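Each residue takes its place number in the sequence, starting with 1. Keep in mind that this is a model prediction, so the values were computed, not measured.
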Amino acid sequence: MNNKITVFLPYNGEEHTKRTVNSLYGTGVVEKIYLTVTQPGLAALPNTELLSVDSVRSSQGIKRIVGAAQSEWFIYVKEDTIIEPGQFGFERMLYVGSSTKAGMVYSDYYEIKEGVSAPHPVIEYQQGSLRDDFNFGYLMLFNTAIAKKALENTAGEDFSFAGFYSLRLAVSRFAELVRIGEYLYSSIESDTRRSGEKIFDYVDPRNRAVQIEMEAACTAHLKKIGAFLSPDQFKGIDFTDSDFEFTASVIIPVRNRVSTIADAVASVLKQKTDFPFNLIVVDNHSTDGTSEKIKEFAGDKRLIHLVPKRNDLGIGGCWNLGVHHEKCGMFAVQLDSDDLYSDENTLQTIVDTFKKEKCAMVIGTYQMTNFDLQEIPPGIIDHKEWTDDNGPNNALRINGLGAPRAFYTPVLREIKIPNVSYGEDYGVGLAISRQYKIGRIYHPVYLCRRWEGNSDSALSVQQTNAHNFYKDKLRTFELKARLNL
């Protein structure tokens, strides 16, 4: 085995790059270091060579990097930061890569924040790991021959932002992307925002140009592996079922939300519609006074207050309880216990959309607010990444489908909702999008509160990984189902 590696290291003239270069050569397995530069006038550091690129993420930049690699393996570093290889870390990556015939190898790492080192595990790559924000860490070891073959398979693609994303999707078409669950290097963490601040990056209007390219790269990948869905495959629904007493039911699963549940319930009961509706609150054994708050509305006969007999239900299980209740309406409409509808016309707008679009699911637009309902960034989330012609394909790349979500009850009863408390709605949406049209509302009908009580406001690395792994697993299930169509 050739135990020499070429490294491509972003360089902006910062002093810390000298330290990284010395550390890399100190491993004894690095043969050559290219400093990838995007600005003129920088001088090469000792024992390095400059490689001018427009970006380390563009198609042209990736072609320059892969084209310059002459060793059997090369390391791609995604951004200008300190890299400190661990003891025999690179040798370990080479050994695993060669033994498994991997196309790419990545590993867990230590992140350094304010001088303190902490373990940062990453997760296994799956067939459905199509998120463009999948975290491989700061450096990846590529098999050069496979990377060059993958680039040939992306002929015609020219991205300013999605070049690396396109490459790693292409590599996955030829070989495995292998994770080593060992901490093989250290790096300084650059994005120190809390988890609740990161999760909306993909719908931030400021990132729209990036998202359009990522969608194009993912769509091309789905076509090449045979998982692309054409719009003419979708079924329309004729809503002639007359067995429902109510046209719509709003379902609120809740546990210990005493400070927000009254607002949520009130926003439903004030809805004005030309059809009968009710509200099913599934109170999952609250202990903080939430149950008593709900009982304050008991005088309104439209309210059904359910307490599960079971003690093993997550949010999805509570949804199942509401959906399969005999009083559930033809359309089951979501409302989180933290949130509320933006005005008294939300429910009418949703039902009108079902009938107009003849769809099995409707997804709205929401406005981000703080606890006091004042708008906060990124503001209005309209999920413009969903289009009628490509939404079901792009759904495999993005991390959510929007809110509020509403479902044609017979379809939802057939699919069943996963009994989990994260990603359950996303999994159902993917399954529906494989067969049925999904309708969209592009003006705000929902207020989404962000506050310290949100379940995803400040997750640990381990919790974030668990969530991401589960959603990737849902994508894997769905991708395989589409491949079997």
Colleague: Check step by step if ring-ring contact (aromatic ring centres under 6.0 Å, His included) holds for F159 and Y165.
Modeller: CA-CA 10 Å; F159 298 122; Y165 178 55; 8.6 Å; no

Colleague: In this structure, are over 12 heavy atoms from other groups packed under 6.0 Å from K224 atom NZ?
Modeller: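 It does: K224 NZ has more than 12 such atoms within range.
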
Colleague: Using the benzene-type ring in the case of Trp, are the ring centres of F277 and F331 under 6.0 Å apart?
Modeller: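 No, too far apart.
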
Colleague: Might you work through the salt bridge (charged side-chain N to carboxylate O under 4.0 Å, His left out) test for K113 and E111, ending with a clear yes or no?
Modeller: CA-CA 6 Å; K113 292 181 181 179; E111 62 182 7; 3.7 Å; yes

Colleague: Is atom CD of Q126 surrounded by more than 12 heavy atoms (other residues, nucleotides or ligands) closer than 6.0 Å?
Modeller: yes

Colleague: Got R255 and T290 here, is their nearest side-chain heavy-atom distance under 4.5 Å?
Modeller: no

Colleague: Quick check against the 3.5 Å criterion: does Q233 have a side-chain atom that pairs as donor or acceptor with the backbone of S230?
Modeller: yes

Colleague: Would you kindly say whether N465 and Q463 are connected by a side-chain donor-acceptor distance under 3.5 Å?
Modeller: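 Their side chains do not contain a donor-acceptor pair, so the 3.5 Å distance test is not met.
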
Colleague: Classify the ring geometry of F134 against Y125: parallel below 30°, tilted from 30° to 60°, perpendicular beyond 60°.
Modeller: perpendicular

Colleague: What pair of heavy atoms forms the shortest contact from I376 to T369, and how long is it?
Modeller: CD1-O, 3.5 Å

Colleague: Please check this pair: side chain of Y408 against backbone of V362, looking for a donor-acceptor N/O pair closer than 3.5 Å.
Modeller: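 Pair absent, no side-chain N/O of Y408 close to backbone of V362.
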
Colleague: Within a reach of under 6.0 Å around NZ of K293, are more than 12 heavy atoms found that belong to other residues, nucleotides or ligands?
Modeller: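 Not more than 12 within 6.0 Å, no.
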
Colleague: Minimum heavy-atom separation for D312 to N419, with atom names?
Modeller: O-ND2, 3.0 Å

Colleague: With distance as the sole criterion, is a donor-acceptor pair present between the side chains of N394 and T219 under 3.5 Å?
Modeller: no

Colleague: Does the gap between the ring centers of W386 and Y442 come in under 6.0 Å?
Modeller: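 For W386 and Y442, the ring centres are not under 6.0 Å apart.
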
Colleague: Is atom CD of E414 surrounded by more than 12 heavy atoms (other residues, nucleotides or ligands) closer than 6.0 Å?
Modeller: no

Colleague: Would you say NZ of K101 has more than 12 non-hydrogen atoms from neighbouring residues, nucleotides or ligands within 6.0 angstrom?
Modeller: no

Colleague: Dump the intermediate steps for ring-ring contact (aromatic ring centres under 6.0 Å, His included) on Y185 and Y110, then the final yes or no.
Modeller: CA-CA 6 Å; Y185 64 95; Y110 290 107; 9.2 Å; no

Colleague: Between D472 and R475, is there a salt bridge with N-O shorter than 4.0 Å?
Modeller: yes

Colleague: Under a 4.5 Å cut-off applied to non-hydrogen side-chain atoms, are I180 and Y106 in contact?
Modeller: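 A side-chain contact is absent here, since even the closest heavy-atom pair is not under 4.5 Å.
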
Colleague: With a 4.5 Å cut-off on side-chain heavy atoms, are K358 and Y436 touching?
Modeller: no

Colleague: Kindly assign one of parallel, tilted or perpendicular to the pair F407 and W319, based on the angle between their ring planes and the thresholds 30° and 60°.
Modeller: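 Plane angle over 60°, so perpendicular.
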
Colleague: Measure the spacing between OG of S249 and CD1 of I304 and express it to the nearest 0.5 Å.
Modeller: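 Answer rounded to 0.5 Å: 6.5 Å.
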
Colleague: Sort out for me which residue in D263, D288, D338, D283 forms a salt bridge (Lys or Arg N to Asp or Glu O under 4.0 Å) with R257.
Modeller: D338

